[in-house]
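Every chain is numbered from 1, with letters handed out A, B, ... down the list of sequences.
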Amino acid sequence: MAEEDEELLAMFVQESTEHLENIEPNLLILEERGADTDPEIINSLFRGVHSIKGSAGFFGLTAISKLSHTMENLLGKVREKAIEPTSAVSDSLLSGLDKLKNMVQDVVNSEAVDASAEVAAIQAILEQSGHAAPAAAKAPVPTAQEPPPPPAAASEVAAPAPTAKPAAKPRGKAAAAAKALPVLQDPFVLEKYPDAVADALREEHHFFVVCLEITKTGEGGDQQINRFGQLVESVGKVVDIRPAMNADGTLPAALLQNVDSVPVWFLIASLLTADLLQDLVQLPPQAIQPLEIPEGMRKKSESQLPAVTSQPMAVVALPAATPPPTPSSRLLKPQPQAAAGKTDEKAKSTGQPAVEETLRVSVALLDELINMAGELVLTRNQLIRATAGFVAQSSHLASLVQSIDSVTSRIHGKVMQARMQPVNVVFNKFPRIVRDLAIKLGKKIDLEVRGGDVELDKSVIEHLSDPLTHMIRNVADHAIEIPKDRLAAGKPETGRVELAAYHENGMVNIALIDDGAGIDSERIKSKAIEKGLITEARGSEMSEEELLDLIFAPGFSMAKKVSDVSGRGVGMDVVRTNIERLRGTVHISSKVGKGTRIILKLPLTLAIIPAMIVAAGKLRFAIPEIGLIEIVRVAESDLARQIQMVCDAPVLSLRHSLLPLVDLASTLGIEAQANCGSDGLRWMDRWLQQQQADHPDGGEAPPTPPPQRRRRPGQSISHYSQAIYVMVISVSGNKFGLVVDDVLDSEEIVVKPLPSYAKDTTCFSAVTILGDGSVASIIDYSGIVDKARINFSSLEAATADLEDVIRASLREKQNIILLETHSGLVMGIVNNMVSRVEIIQKNKCRMETVNHQSYMHYNHVTFHSIHPDHILNLEGDGFVSEPGEDGETFCMVVPAVSGLQVGLVFSRIVDTMEAYIDLDTHVIQADGLFGTARIDGRLVLFPDLNRLFQLAGILPAGSEPEFDYGGLKALVVDDTPFLRIVTATYLSQAGMLVDQAEDGMEALKRLKTVPYDLVVTDVNMPVMDGLELAKEIPGTRNAETPIVATTSFISTDLVGRCVRAGMVGCVPSTDKFRLLSMLATLKRV
Amino acid sequence: MLVSTFHLGTIYIGVDILLVREINRSMEYTPIPGAPNYIRGMLNIRGRIITLFDLKKRFSWSQEERKRLEGTAKGESVERKQYNVIMKTHHEVMRISRRLADTQCTWEDPVGLVVDRLGDVRNVSDDHILPPPANLKGISAPFIRGVVRVEKELLVILNVAKIFGTDGTSAEATTDVALRAH
């Protein structure tokens, strides 16, 4: 029994909750439209509250019943237009509704809830209108009737005058059990009211005769009748009254003369059943008698004939012989009543969408069905495969397989659909929230909700409520301006917020669009910098979109002041976390002064997601496509070039940024079973191997050019085509690369819960069954990040380290020629300093020495010949030999120095190559030498050709612009150490004091504090390039300082861009002459 | 009580047949990286994902013990000939007996045990079930519900809830016990 009660009570809670959910939007409509509200909406409000009251009464929940009853009364008054639906009315009803919600939610303790404030508020409104009712009858008229008992003595209801103060004598009679009611002398005959009967039949009303006793004491009898009439009007209509009233609706004066009370009979047509009516009017059961519509009239009406009949008249006489209901039955009765009332409501309801027949099904059962449907699909797939060979032999089998195929697909589709719910489930509560907030904040906000019928999986819907609520509150609080500001900005006073759901690309988008103040990305920037979320430098680099995205960073709040609505800096990050947990994304765009648009992209369901199936080791895993940005294939031969180590952590340089790499197999600890290359190595080992192969001396080797494809014995070519795959994944705005061995497939996978025994691993969010029936785990990105110990919050700090690596990876390579002198030294000359290199047969040239200068006649041209090692006073350990005496050939390098016929003599060309030059200026110091570098394990000297010629005394005076730059200070900016040193050397040779900077950012720092007379900057640099630097310089104390650009690839277009950026001009790197000429023009200016 | 019996190496084990859902030949399974070592992996049986428990690892058999207890069977090749004993879940046993479900079948997830060979179904009287002898090799006491002499063999009736770690003590604690027992 107790269990049954519990079940019934649970049903009550469920039903009442549904009613309450329907009531709220309708109340808001009532508030908005006031007196213009569609009567049907008021009716539905009334019915909803009434149903709750009825059911609550059945369970003896007096507190709920009382509150709903009071609300019902007020709604009744509103319905009969006795009370204007002002904002006070809707306010009181809304607060009553809230209380009612609380009580229903915690129904067991509902009796203890104090709803007196709400009841009192509503009563107050009722009473005000009560006083506005017509004044009491002036002259009571006596009748011959026996005084009746007081009506509804112990009622809290407002309508039948609770203040009635009957005389002691009648009261005693009322207490008597077998109370005889007065008899109506002239009973109502329905045949006399054909129109009313026709109406009643159409509207499915029932007729009742109700006896109301009017007392002349207390409030006026007219008022009593009036109130009763109003009460009845709320559920039907009064067809006739006996005795007949005066024309103005007042009681004939003669009636109440000489008696205390007089019975008045009402003929009522009402939607309600007798029990409900009794409940409403609060009269003893015997005072209400149903009046059957005569069969003849019913038929006539149905056949659309005029209501004239010769059938015997239906007569009712009071009191009839009907036995009065036993007192105990009162509690039990409302159940069928409520049911009946509900049916009526449903049948009558037109304001709400037609109620479809539904069945409550437990989610567990649905899930089981979904599982089985998924399994059916798998089995179907296998069946098709297995029968493929036989189908051709039997057309019968073919059609069977085909129909199994299609039915399976349909079952699967429908079962999935069963879990879907319209987003309205969530959307419905927002009008109320927005209304309350608008009032609280003194704003005018109009919320438009669209696409509420778009369906999402139940689990998505459930988790959507919190983030959406937060966003809506934010919009109301921050985005929409107060009416005054809106008017000032030339916008309508009422802010518009649009909440819309729609399908796009197989996902559901939920857009929240407002026409408010918009978000100022500059303000976000300064706020974020102030809070230390980003550095100033980073802020200046970020795009508008990236800046707006900062709203979702933890600890970020735009609110100027903290309110209880929002502004505590928690929330938007939670919004994003929640949405990402649903495998969705958040996008934000905004225009200052125009408004903001936030779009959530959500999957239709969490049960099926698109995923990539990847292999790591021997195992297969599913990687959800949400959050997967791209897949980068890195050939194993390219490992060393694309992947670097930073603090023992591998990073991939991807489009000028660094991506921390996480190896899936080793993170999961499945390395041991890894399926590796033919040599049994995984990519990390191979990477190390490549590093070592390139730098046999080991140690901190700088990144080097890609190794030649040295084919090791036993390795096939195809081995080199092997590659690793880097899944570039974004977690909460941070990117990392997940390294997998292979990408196998892209599949829609059915998500199944993770076995509890695997929950400790945290690397998996769920499991799935692949097409072949085997199980695969679904990777959880944040779990992997945790396991791999990537700490994105310290990313800012790490970036500093990482930038060095970027620098290394971006450093320009130089094309160099390696030449060997006759003394065995290897010298390197950058290609663009060389005009040409000639291999000369010794016997075809003639050497001469004039005035200690060597000349060489070759091909009818005379060159000034220089042995660089002689000039530099550097001797190798090889033997020194004169050209022409030994060997067959030698080579001559003609430098690209204009106006000079100079040839540098070397014994042979060692190599030409593209290489990074890590110039060391300390190993060998000599005038005329830039420095040395180690290339391919050899020490290479880099001579300063211009200086060399000067030292050799062959640089004609005046061929180089000679100005005194003594004491001037220059800043050389170049990320390539070699070029930086070259440029710096040129300038210091001209007498300048030279500072060096590796990139624009570093240069900018110096320029902010130190005054310079000249800036020479490379154009292409990481972090901040030369053009950006030039644009920044006017903001420093070096605003007037001339800037000269250097570049390896000069073009007119580039020169133009340099000049537009505020530079003086652009010269090729390493071209001393042009650089100094440029400076000379400056000097002159 | 009807007992489904199996062989684990040379040890004769059994579980209440009411707890057994089905028995399959060993098939492809998916290891769970990071899970305890006695979890062999996951198995898909008609859409249900079964977590497989490797009993020998659960009982913490050392290499030496394996050699001794597996007898003539040759090391790793055994795996392919093994059987998966898929157990009912708490929910399923609930339909048979609430008491049985609450006392012995406390796991909610579909789980299975890996055994070497199948034995017969034995009818065992509760009265004949004895506490495990102290010198029993290969299975530590907490994993044993009791032993019973069947013909000439000693049948060890397993405390399956303990094996699946759902008897209230954590799986780790159980492993410790098992380790100490050796």
Side-chain angles (χ1 to χ4, degrees), chain A residues 364-365 367-379 382 412 615-622 664-674 750-764 766-780 783-784 786-787, chain B residues 24-55 57-58 76 79 84 86-87 89-92 94-95 105-114 160-168 170-175:
Chain A
L365 176 60
D367 286 346
E368 215 170 302
L369 277 173
I370 287 171
N371 273 345
M372 288 193 285
E375 185 60 22
L376 189 60
V377 169
L378 283 177
T379 315
Q382 286 165 11
H412 191 246
K618 273 181 189 157
L619 300 181
R620 284 179 294 174
F621 298 95
L664 182 57
S666 53
T667 305
L668 295 176
I670 49 176
E671 211 157 8
Q673 343 164 359
V750 178
V751 178
K752 288 169 175 282
L754 197 64
S756 57
Y757 301 98
K759 291 224 162 90
D760 290 345
T761 64
T762 70
C763 290
F764 310 120
V767 294
T768 188
I769 297 174
L770 298 179
D772 64 356
S774 64
V775 184
S777 304
I778 302 172
I779 299 290
D780 181 80
I784 288 281
D786 290 348
K787 185 85 184 283
Chain B
N24 304 94
R25 271 203 178 270
S26 178
M27 51 174 106
E28 279 290 310
Y29 58 85
T30 305
I32 312 173
N37 74 328
Y38 52 80
I39 305 262
R40 185 173 273 193
M42 293 175 285
L43 202 61
N44 166 30
I45 295 184
R46 292 184 298 281
R48 287 157 61 99
I49 293 178
I50 318 281
T51 310
L52 275 185
F53 280 65
D54 185 327
L55 279 179
K57 293 203 170 121
R58 189 72 181 102
E76 292 307 307
E79 193 170 296
N84 299 328
I86 313 300
M87 312 299 289
T89 60
H90 181 73
H91 191 69
E92 286 167 310
M94 197 77 126
R95 285 180 216 153
C105 187
T106 46
W107 54 91
E108 306 277 351
D109 271 29
V111 283
L113 300 171
V114 183
V160 199
K162 188 75 186 178
I163 291 169
F164 297 135
T166 57
D167 63 336
S170 79
E172 268 56 48
T174 318
T175 317

Checking I50(B) against chain A: side chain, backbone, both or neither under 4.5 Å from a heavy atom? neither
[X] [atom1] to [Y] [atom2] distance, which is reported to the nearest 0.5 Å:
X: F764(A); Y: M42(B); atom1: CZ; atom2: CE; value: 7.0 Å
X: Y757(A); Y: D109(B); atom1: OH; atom2: CG; value: 6.0 Å
X: K752(A); Y: N44(B); atom1: NZ; atom2: CG; value: 7.0 Å
X: S777(A); Y: I49(B); atom1: OG; atom2: CD1; value: 8.5 Å

When you measure from the side chain of T30(B) to the backbone N and O of V775(A), does any donor-acceptor pair fall under 3.5 Å? yes
Side chain to side chain, F164(B) and S756(A), heavy atoms closer than 4.5 Å: no
